[in-house]
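Both ligands and their constituent atoms are indexed starting at 1 by order of listing. Hydrogens, waters and symmetry mates are skipped; everything else that's a heavy atom, side chains included, is used.
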Amino acid sequence: MKQESHVKREGFSSSIGVIAAVLGSAVGLGNIWKFPYVTGANGGAAFILVYLLCLALVGLPVMLSEHLIGRNTKSNAVGAFKKIEPRRPWFLVGGAGVLSAFLIMAFYTCVAGWVYAYIFKSASGVLLTNKPQETTQVFNSLVSGVGEPLFWQVVVLLLTGAIIMAGVTKGIERVTKVLMPLLFILLIVIDVRSLSLPGAAAGLSFLFKPDFSKITVSAVLAALGLAFFKLSVGMGAMITYGSYVDKSENLPKMAVKVALSDTLVSLMAGIAIFPAVFAFGFKPDAGPKLLFIIIPTVFNSMPLGRIFMVLFFILTAIAATGAMLSLLEVPIAYLTEQYQWSRRNATLLTILGIGLIGSTATLSNSILSKVLIFGKTFFDFYDFATSNVLLPLGGIFIALFVGWQWGYANVKREMTNEGQLANEGLFQVYRVLVRYLVPIAVAIVLLAGLNVIHF
Ligand code: PHE
């Protein structure tokens with residue numbers, strides 16, 4: 001196995017392009033689908049506060065760590081660790097990341113498939129109803145099918161595969177740059193509508209008035225897992241994207257910008273959904289179907305609702321696609337750089353593998369619903385195993401690597417752009433976080449959440 005690639009390495013071509021791509025990775029189904037339903041299932045505002053804490057104290061430093069490692073080594077998730085420390089098996093952290101990419105994609109492409117299908121369903125008019133039973137029925141009949149959800153999953157894989165094959169600059173960067181701002185504008189429109197629904201106040205107080213009795217140990221693990229998933233950290237996607245970032249970028253600043261914008265999008269999705277949940281008599285803890293049964297009711301109650309609903313699902317599909325590009329790029333960069341595969345072959349093999357694993361996630365709502373791993377369906381297992389186990393574990397090791405292995409001077413040089421940025425204070429805070437707080441706090445939450453230790 002050779003470590004150096006002979007192919008000329010591509011990279012993001014501008015600062016705007018970097019932000020768009022990194023934000024494009026962070027913003028996805030995590031904000032629009034997962035954040036609302038996990039918040040709904042864990043009691044609302046108090047959960048959001050715990051989530052924000054996890055984001056600032058854990059997610060952000062891990063994201064910065066990944067960017068530093070990636071940019072310094074200009075390598076894929078596995079090669080990066082090998083370059084910095086060739087003698088010790090840290091590359092296994094990158095290897096686990098490649099595995100996580102497959103497992104996340106397994107359920108992510110399934111949900112993205114539902115979103116793609118909803119573009120057509122909303123155009124057809126079957127979703128123009130504000131009766132909970134009817135929107136629930138449309139959703140159930142889609143996911144409990146076999147051919148239909150599988151078909152959409154394949155469409156998702158082929159489309160993302162095609163963009164990835166086009167490359168980093170012409171594929172990833174070009175697509176995300178145009179679409180991120182559009183998503184933002186549309187969310188504002190939906191928020192305005194949702195807030196003007198009669199009874200919106202109950203939704204807002206659910207979102208913003210904390211009730212701490214709802215915070216259990218497993219809720220804290222869910223918040224932490226969501227923070228990792230949301231920021232795309234703990235599995236090397238940010239190492240890979242970091243490797244395409246120019247030496248002159250201010251990495252800490254970029255990480256903060258991305259985390260803030262990402263959180264804003266999540267909260268806006270929450271504002272789009274929860275007022276309607278209460279206005280139309282749904283339950284906030286409906287689980288993964290929440291988005292798909294609530295959003296139609298919001299649109300149904302506004303002028304030009306059908307058009308807006310189609311647009312909404314198109315943009316959600318786009319947000320999901322931006323995130324999937326970064327997930328795909330992890331194994332693709334690994335295969336092309338470590339084994340000199342062509343980008344084309346690497347992409348084809350990766351989407352084939354994901355399709356095979358992913359079909360078990362999709363079918364776990366129908367013919368495979370009785371097959372359980374650790375008491376969970378395939379879908380729930382891939383989701384739980386990645387967000388709540390593999391990503392936090394990856395985060396611990398990435399923090400340990402930067403905090404204890406890479407070396408004070410090396411990390412500092414990378415973070416200050418060879419001494420050009422005056423961020424000494426920030427560096428000291430960051431260093432304490434990655435050396436102590438991140439590994440210890442994440443380990444405790446992980447072990448407690450998995451019931452290995454008890455309080
Ligand atoms: N952050 C993405 C989202 O919220 C998901 C993701 C996780 C992307 C891990 C890349 C890596 O949808």
Side-chain angles (χ1 to χ4, degrees), residues 20-39 51 54-55 58-60 62-63 66-67 70 76-77 93-94 96-115 156 160 163-164 172 176 179-180 183 187 222-242 244 255 258-270 288 291 315-334 350 354 382-395 398:
V22 176
L23 194 58
S25 166
V27 172
L29 295 174
N31 310 65
I32 298 164
W33 164 72
K34 203 171 195 191
F35 175 84
Y37 96 72
V38 177
T39 300
Y51 167 75
C54 294
L55 206 66
V58 176
L60 203 52
V62 175
M63 176 184 264
E66 291 198 31
H67 288 160
N76 64 87
V93 180
V98 176
L99 174 71
S100 300
F102 276 89
L103 298 182
I104 293 175
M105 279 297 271
F107 71 90
Y108 208 98
T109 51
C110 166
V111 181
W114 301 343
V115 173
V156 167
T160 43
I163 301 174
I164 278 288
I172 302 174
T176 48
L179 300 167
M180 282 291 111
L183 178 71
L187 270 175
L224 184 76
L226 185 62
F228 274 99
F229 184 83
K230 270 303 329 106
L231 291 186
S232 313
V233 297
M235 44 81 66
M238 288 297 160
I239 295 181
T240 310
Y241 269 23
Y244 301 134
V258 168
L260 283 177
S261 323
D262 180 72
T263 306
L264 190 62
V265 176
S266 295
L267 291 174
M268 286 169 75
L291 170 79
L315 288 171
T316 306
I318 289 160
T321 306
M324 287 188 288
L325 295 179
S326 67
L327 283 157
L328 272 180
E329 188 64 19
V330 173
I332 309 289
Y334 167 65
T350 303
I354 293 168
Y382 298 141
D383 184 358
F384 186 87
T386 49
S387 283
N388 293 12
V389 182
L390 284 171
L391 300 187
L393 258 184
I398 289 164

Heavy-atom nearest neighbour in the protein, as seen from atom 2 (C) of ligand 1, with distance rounded to 0.1 Å: S25 O, 3.3 Å
Side chains of S25 and S232, donor plus acceptor under 3.5 Å: yes
Aromatic plane relationship, F229 with F107 - under 30° parallel, 30 to 60° tilted, over 60° perpendicular: parallel
Proximal atoms of ligand 1 relative to S326 (non-hydrogen, under 4.0 Å): 8 (C), 10 (C)
Heteroatom proximity flag, A323 to ligand 1, N/O under 3.5 Å: no
Heteroatom distance test (L327, ligand 1): nitrogen or oxygen, under 3.5 angstrom: no
Which segment of A26 sits under 4.0 Å of ligand 1 when only heavy atoms are counted: backbone
Close side-chain approach of I164 to L325, heavy-atom, < 4.5 Å: yes
Contact partition for M235 relative to ligand 1, non-hydrogen atoms under 4.0 Å: side chain
Min side-chain heavy-atom separation V265-L23 under 4.5 Å: no
Residue selection (non-hydrogen contact nearest atom 5 (C) of ligand 1) among Y241, F35, F229: F229
I354 vs T350 side-chain heavy atoms within contact, under 4.5 Å: yes
Protein residue, atom and distance nearest to atom 8 (C) of ligand 1, heavy-atom basis: S232 OG, 3.3 Å
Backbone or side-chain N or O of A237 under 3.5 Å from ligand 1 N or O: no
Close approach, Y108 and ligand 1, non-hydrogen under 4.0 angstrom: yes
Polar atom proximity, K230 to ligand 1 (N or O, under 3.5 Å): yes
Contact check, side chains of I318 and L315, non-hydrogen atoms, under 4.5 Å: yes
Geometric N/O contact L231 with ligand 1, under 3.5 angstrom: no
G225 versus N388, closest heavy-atom pair with distance: CA-OD1, 3.8 Å
Test applied, side chain to side chain contact (heavy atoms under 4.5 Å, CB included); reference residue, L55; option that passes from L226, L60, T263: T263
